[in-house]
Enquirer: 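Mind looking over this structure? Questions follow.
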Amino acid sequence: MKIAITSTGNSLESKLDQRFGRCAYFIIYDTETKGIEIIPNPNKDVEEGAGPASVNLVASRNVKKIVSGAFGVKIKSLIDSLKIQMIVLKETDKTVQDIIDMLNK
Amino acid sequence: MKIAIASGKGGTGKTFVATNIFYALLKNNHSVVLVDCDAEAPDSIGFFRTKIENSFDVVQKVPVIDLNSCTYCSKCKDYCNYNAIFILPPIKFIQVIEELCHGCGACSVACTFGAIKEKPVSLGKVNTYILNGKNQLIEACMNIGVMSPVQIIKAAIKEINYKYDIAVLDSPPGTSCPFIHTTAAADFVILVTEPTPFGLSDLKQSVETLKEMNKKFGVIINRAGLGNNDVYKYIKYENIPLLLEIPFDKEIAALYSAGIIVSEYYSEIRKNFYEMTKKIMEQYGNCGD
């Protein structure tokens with residue numbers, strides 16, 4: 001299963017980005033192959049609709065779970081219809097590697 | 001002539017000024033129209049005892065996808081500037097995000113398969129009231145959850161259809177689109193500020209915006225006596241006319257918060273508002289209406 005983690009930077013040592021739609025990077029982790037994919041977020045600075053556009057990006061890569069600090073209201077019904085799980089993590093000091101370790105536990 | 005009452009900062013007294021100008025002109029036998037353009041929180045009408053005359057919905061067209069005709073070609077999404085169409089062709093998933101739709105209709109043009117129909121969605125209401133049979137009060141009122149009040153503001157201003165000497169437009173706070181669309185319709189703008197650092201900071205932003213728009217404007221200083229002299233120095237330096245000062249007075253605040261027009265009680269204040277408006281009409285009135 002693929003899990004998207006919003007990241008402030010492009011490495012596993014980067015901290016979790018607290019925003020979903022406008023995060024700096026998406027790091028997609030595959031729990032089966034243990035592989036990762038790092039995608040700079042093209043929706044970071046769009047005027048409107050960063051949330052849905054970012055859902056589109058991760059959903060087109062078959063992501064089933066998203067870990068981020070906060071999710072906006074406009075994506076709620078989308079995420080529900082697509083059966084993607086949102087995981088809200090408020091611990092701002094966690095790195096992407098920390099989160100992957102937590103997911104593997 | 002149309003006069004907009006605006007400010008950068010909220011709570012400086014826009015509605016106070018708008019309702020008092022309206023009242024002062026009314027008392028001096030002018031035909032006046034008051035348009036409450038603060039669609040997010042309209043409260044001007046509450047100061048007048050009047051009954052609703054007419055009310056209509058301001059609607060926007062939002063696309064509805066016919067899933068039987070849709071080929072998931074994504075052309076509608078490509079045409080949409082606002083990310084309002086969400087589509088995942090591999091799993092045949094398409095959804096319109098209505099909150100993001102601006103109602104431009106580009107998706108309908110894009111679709112060559114007839115899969116996009118449109119439905120009306122209400123953004124808010126425009127309510128009209130009549131006072132003394134000849135003065136119109138118009139209220140822009142947006143629905144909760146709607147992204148922008150601009151369409152409702154425009155519809156409210158368009159609704160002015162009584163003969164008037166002065167139309168007073170009570171603007172929303174801020175200096176963004178709602179402010180711009182209200183002041184753009186006016187021949188003259190009164191900026192209401194207060195002599196505080198916040199008042200000054202937001203006044204500067206409003207002044208910069210109005211200069212960019214080539215608007216004529218002046219300043220009313222409300223709660224004079226409060227804060228410091230920086231606002232006075234600024235408007236002097238910028239050569240902006242000081243139209244009126246309203247003292248920082250507990251009695252005024254008490255009357256206002258009880259829903260009473262202060263000009264009804266203090267003839268001095270009414271006179272000040274009337275004379276100020278008359279001067280504006282004489283000086284700037286012949287540019288449009």
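Each chain gets a letter, A, B and so on, in the order its sequence line appears, and its residues count up from 1. This is a predicted model, so every value here is computed, not measured.
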Enquirer: For the residue pair B/L88 and A/L82, establish whether any side-chain heavy-atom pair is separated by less than 4.5 Å.
Expert: yes
Enquirer: Does any heavy atom of chain A fall under 4.5 Å from the side chain of B/F93, the backbone, both, or neither of them?
Expert: side chain
Enquirer: Starting at CD1 of B/I91, measure out to OG of A/S60 and round the result to the nearest 0.5 Å.
Expert: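 Rounded to the nearest 0.5 Å, the CD1-OG separation comes out at 9.5 Å.
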Enquirer: Report yes if some heavy atom in the side chain of B/F86 is under 4.5 Å from a heavy atom in the side chain of A/I75; otherwise report no.
Expert: no
Enquirer: Which atom names give the shortest non-hydrogen contact between A/N56 and B/K77, and what distance separates them?
Expert: ND2-NZ, 3.4 Å
Enquirer: Counting distance only, does the side-chain N/O of B/N83 pair as donor-acceptor with the main-chain N or O of A/E48 below 3.5 Å?
Expert: yes
Enquirer: Between A/V46 and chain B, with a heavy-atom cut-off of 4.5 Å, which part of the residue counts as in contact: side chain, backbone, both or neither?
Expert: side chain
Enquirer: Take atom NZ in A/K83; do more than 12 heavy atoms of anything else shown fall under 6.0 Å from it?
Expert: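 Open: at most 12 neighbouring heavy atoms sit under 6.0 Å from NZ of A/K83.
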Enquirer: Is the count of non-hydrogen atoms from other residues, nucleotides or ligands lying under 6.0 Å from B/K215 atom NZ greater than 12?
Expert: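 Check passes, neighbour count above 12.
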